[in-house]
Q: 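Please see the structure below; I have some questions.
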Protein chains: 2
Amino acid sequence: MPITINDVAKEAGVSTSTVSKVLNNWTTISPATATRVHQAIEKLNYIPNARAVSFARKSTKNIVFLTYLEKDSAYLNPHMFDIMCGAYNELSGHDYTMTLQDISKDTVKGESVSRLLSTKSCDGIIIHGSAINASIAETIIKQNFPHIIIGHPGFESRLCWVDTNHALAGHLAAQHMVERGYTSIAFIGGQKTDELSFQRQKGFLGTMYQYGYQVPDERIFYSNSTSEEGYLTTLKILHESKRPRGIVCENNTLAVGAMKAIEQSGLTLPKDIAFLTFDAYPYTQIIDPKPTVIDINVYDMGVQAGNMMIRKLENPSLLVQSYTTIPVILEGQTT
Amino acid sequence: MPITINDVAKEAGVSTSTVSKVLNNWTTISPATATRVHQAIEKLNYIPNARAVSFARKSTKNIVFLTYLEKDSAYLNPHMFDIMCGAYNELSGHDYTMTLQDISKDTVKGESVSRLLSTKSCDGIIIHGSAINASIAETIIKQNFPHIIIGHPGFESRLCWVDTNHALAGHLAAQHMVERGYTSIAFIGGQKTDELSFQRQKGFLGTMYQYGYQVPDERIFYSNSTSEEGYLTTLKILHESKRPRGIVCENNTLAVGAMKAIEQSGLTLPKDIAFLTFDAYPYTQIIDPKPTVIDINVYDMGVQAGNMMIRKLENPSLLVQSYTTIPVILEGQTT
DNA sequence: CTGAAAGCGCTTACAG
DNA sequence: CTGAAAGCGCTTACAG
């Protein structure tokens with residue numbers, strides 16, 4: 001038989017309401033009573049039944065983390081899990097639990113979210129950027145449900161979100177290259193439609209321009225972000241009649257191919273050509289030489305998301321819509 | 001005002017108990033009544049309050065996944081998250097939710113688990129192998145709490161667990177090498193005390209022996225599993241007076257270094273030397289040429305863990321203690 | 001400062 | 001086959 005609040009009340013010689021008040025730190029309880037109750041709790045080794053508390057309070061102290069959880073997600077997108085850890089850490093530090101929810105099996109867009117809200121099985125929902133869509137957005141906004149999107153949603157709305165300033169990352173990349181004296185640079189980006197890639201490119205090109213080193217169109221490349229394309233594009237760049245002084249890759253996968261091409265061409269980094277890429281993961285840690293990268297602290301983004309969620313729950317009238325975190329440069333051996 | 005079971009009862013002209021029975025598929029309900037109730041549910045768009053159900057049923061339909069969730073875990077141990085996804089998938093398919101729990105902040109060993117059990121906030125607990133210890137084991141066994149450990153616990157106990165047959169993986173490695181005609185082979189392992197490495201090595205050496213190709217002690221190496229050590233050890237192996245025909249590395253990190261050494265020595269894979277390693281992640285996908293690996297399907301391990309958990313919950317007297325999953329060979333260009 | 005009582009929204013013996 | 005009633009273990013106005 002598990003110990004209940006009634007057992008504690010009996011043991012302490014008070015009513016259950018009094019025990020409850022002690023448990024919830026009401027200020028109206030006399031110190032003497034509080035002590036007696038605490039002693040009883042200690043003696044009986046009482047711990048409140050979380051289910052009953054949740055039911056009586058009409059709050060779960062639980063946050064759902066909505067994302068894709070398919071096979072190989074961990075390898076294809078470790079960032080997502082690092083964000084998850086950050087969010088977990090912040091939430092658990094404030095006595096919230098965190099439940100996972102996969103969106104990939106939804107046959108109707110947004111159904112898992114609707115269900116989540118109507119069953120009242122969480123107080124709030126953190127949504128990974130890859131899992132947000134207009135249908136979910138509408139459900140959440142209509143019900144005014146506490147939420148945070150990780151990554152800018154990609155469409156205008158009243159949704160709340162946290163993101164890293166990717167344009168600033170591009171700016172930092174340009175600034176670093178110019179400071180090191182690399183002024184003629186080729187940029188290998190992802191797909192034209194990729195928002196993240198676009199922001200990095202925009203920040204990079206804009207800052208180069210401000211410094212007076214406009215990057216010509218023929219030195220701006222788009223790709224499907226495969227290592228193979230990074231390799232081929234870089235070969236092409238290196239065989240230009242007038243080779244650029246440096247190459248910037250929009251992501252790690254491109255970087256693997258690019259550096260292979262540079263190595264095979266017999267060029268030395270950074271003497272013959274400088275190289276910079278974005279993100280410290282997943283490959284730049286093991287590529288040799290270690291490239292200079294503009295990194296984003298995704299764990300911290302998760303922490304910020306958790307923190308914003310908690311503040312929203314504590315103060316529902318809070319009007320903050322977004323947090324933006326700042327990228328940092330990690331210097332390697334290629335610039 | 002959210003719709004409750006009472007609203008549905010009123011709408012359908014029946015009692016709340018009847019609605020509840022319809023909701024829970026009791027066979028004693030007449031088809032006509034069931035239809036009326038379903039219509040009312042449909043009309044009011046009623047969804048049961050999960051908190052109330054959980055409280056009344058004294059079960060949460062929630063499983064806790066216990067592990068380490070610190071910064072960078074996702075990069076250092078993507079396997080763990082892939083397992084997590086597998087477990088989630090299986091659990092959610094059976095209408096269980098899954099909550100994360102980090103163990104790294106426990107000041108007293110096992111305190112988070114004790115708390116979990118006393119607050120009754122889950123029906124069962126899945127524990128990643130890295131997070132199990134004697135204190136947690138004792139708590140769980142004493143309370144006879146539904147649990148699954150991912151990976152053999154490393155000490156004898158009545159704990160339930162799932163794991164891959166790592167010795168079999170070693171066996172498959174040996175078999176493959178011998179079949180391809182590579183009979184003189186060096187083995188680079190992890191630390192002597194590492195159980196997984198030991199099992200792989202044991203399986204490998206044992207099978208080589210059975211085939212009649214005993215691996216001499218001077219061709220068995222131990223290491224701290226860094227890429228650097230893989231590199232240096234391989235260089236040493238390649239400069240032996242009588243070079244082996246193949247090298248087997250116990251893990252991916254060693255493999256990165258080993259293959260670099262082979263390449264730098266001007267040897268061609270697999271013409272001059274054959275190479276095989278374990279695990280398809282995190283690096284063998286991008287190493288060139290792609291090595292032959294013995295892979296373990298960790299996602300499937302998670303699925304098995306989830307499945308075993310569900311069967312235990314449905315049938316508490318189930319005596320199964322362990323599942324063992326089977327590794328597979330993925331042929332690359334190095335054997 | 002404390003307690004009796006209602007209530008949170010379901011489930012489940014039990015009676016009919 | 002259906003329903004009245006007790007119960008799950010807390011919280012929280014409200015009265016004193």
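Letters A, B, ... are given to chains in the order of the sequence lines, protein chains preceding strands, and every chain is numbered from 1. Quick caveat: nothing in here was measured; it's all calculated off a predicted structure.
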Q: Would you mind telling me which of C:dA4, D:dT12, D:dC1 lies closest to the side-chain atoms of A:S15?
A: C:dA4

Q: Nearest to the A:S30 side chain among C:dT2, D:dT11, C:dG9, which nucleotide is it?
A: C:dT2

Q: Would you tell me whether A:H128 and A:S130 have side-chain atoms, one donor and one acceptor, within less than 3.5 Å of each other?
A: yes

Q: Among the nucleotides D:dG3, C:dT11, C:dG9, which one has an atom lying closest to any side-chain atom of B:S20?
A: C:dT11

Q: Paired with C:dA13 by Watson-Crick or G-U wobble geometry, both distances under 3.5 Å: which nucleotide is it?
A: none

Q: Which is true for B:S54 with a 4.0 Å heavy-atom rule: it touches a base, it touches only sugar-phosphate, or it touches nothing?
A: nothing

Q: Rounded to the nearest Å, what distance is computed from the CH2 atom of residue B:W26 to the C1' atom of nucleotide D:dG3?
A: 12 Å

Q: Would you say that B:D163 contacts B:T325 through its side chain, given a criterion of any heavy-atom pair below 4.5 Å between the two side chains?
A: no

Q: Side chains of A:N24 and A:R57: is there a donor and an acceptor less than 3.5 Å apart?
A: yes

Q: OH of A:Y46 versus P of D:dG9: gap in Å, rounded?
A: 10 Å

Q: In whole angstrom, give the distance that lies between atom CD1 of B:I5 and atom C1' of C:dG7.
A: 16 Å

Q: Rounded to the nearest angstrom, tell me the gap between atom CD1 in B:I47 and atom P in C:dG9.
A: 15 Å

Q: Now, which nucleotide makes the Watson-Crick or G-U wobble pair with D:dA4, with each of the two distances under 3.5 Å?
A: none

Q: At under 4.0 Å, does any side-chain N or O of A:T16 touch on OP1 or OP2 of D:dC10?
A: no

Q: Scan A:S17 against the nucleic acid and name what it touches under 4.0 Å (heavy atoms): base, sugar-phosphate only, or nothing.
A: base

Q: Atom NZ of B:K58 and atom P of C:dT12: how far apart are they, to the nearest Å?
A: 9 Å

Q: Taking atom C1' of C:dA13 as reference, at what distance in whole Å does atom CZ of B:R57 sit?
A: 16 Å

Q: Could you check how far NZ of A:K120 sits from P of C:dC10, rounded to whole Å?
A: 8 Å

Q: At under 4.0 Å between heavy atoms, what does B:N24 touch on the DNA or RNA strands: base, sugar-phosphate, or nothing?
A: sugar-phosphate

Q: Compute whether any side-chain donor of one residue and acceptor of the other, for A:T107 and A:E111, lie under 3.5 angstrom apart.
A: yes

Q: Which nucleotide, D:dT2, C:dT2, D:dT11, lies nearest any side-chain atom of B:I29?
A: D:dT2

Q: Is there a side-chain contact between A:I126 and A:V64 in this structure, where contact means two heavy atoms from C-beta onward sitting under 4.5 Å apart?
A: no

Q: Compare all side-chain heavy atoms of A:C160 with those of A:I149 and state whether any distance is below 4.5 angstrom.
A: no

Q: Taking the six-membered ring for Trp, does A:F55 stack with D:dC8 (centroid gap under 5.5 Å, planes within less than 30°)?
A: no

Q: Side chain of A:K21, base of C:dG3: donor and acceptor closer than 3.5 Å?
A: yes

Q: Nearest whole angstrom, please: distance from the P of D:dC8 to the NZ of B:K61.
A: 22 Å

Q: Let me know, please, whether B:T28 or B:A56 comes out on the 5' side of the other along DNA chain D by nearest nucleotide.
A: B:T28

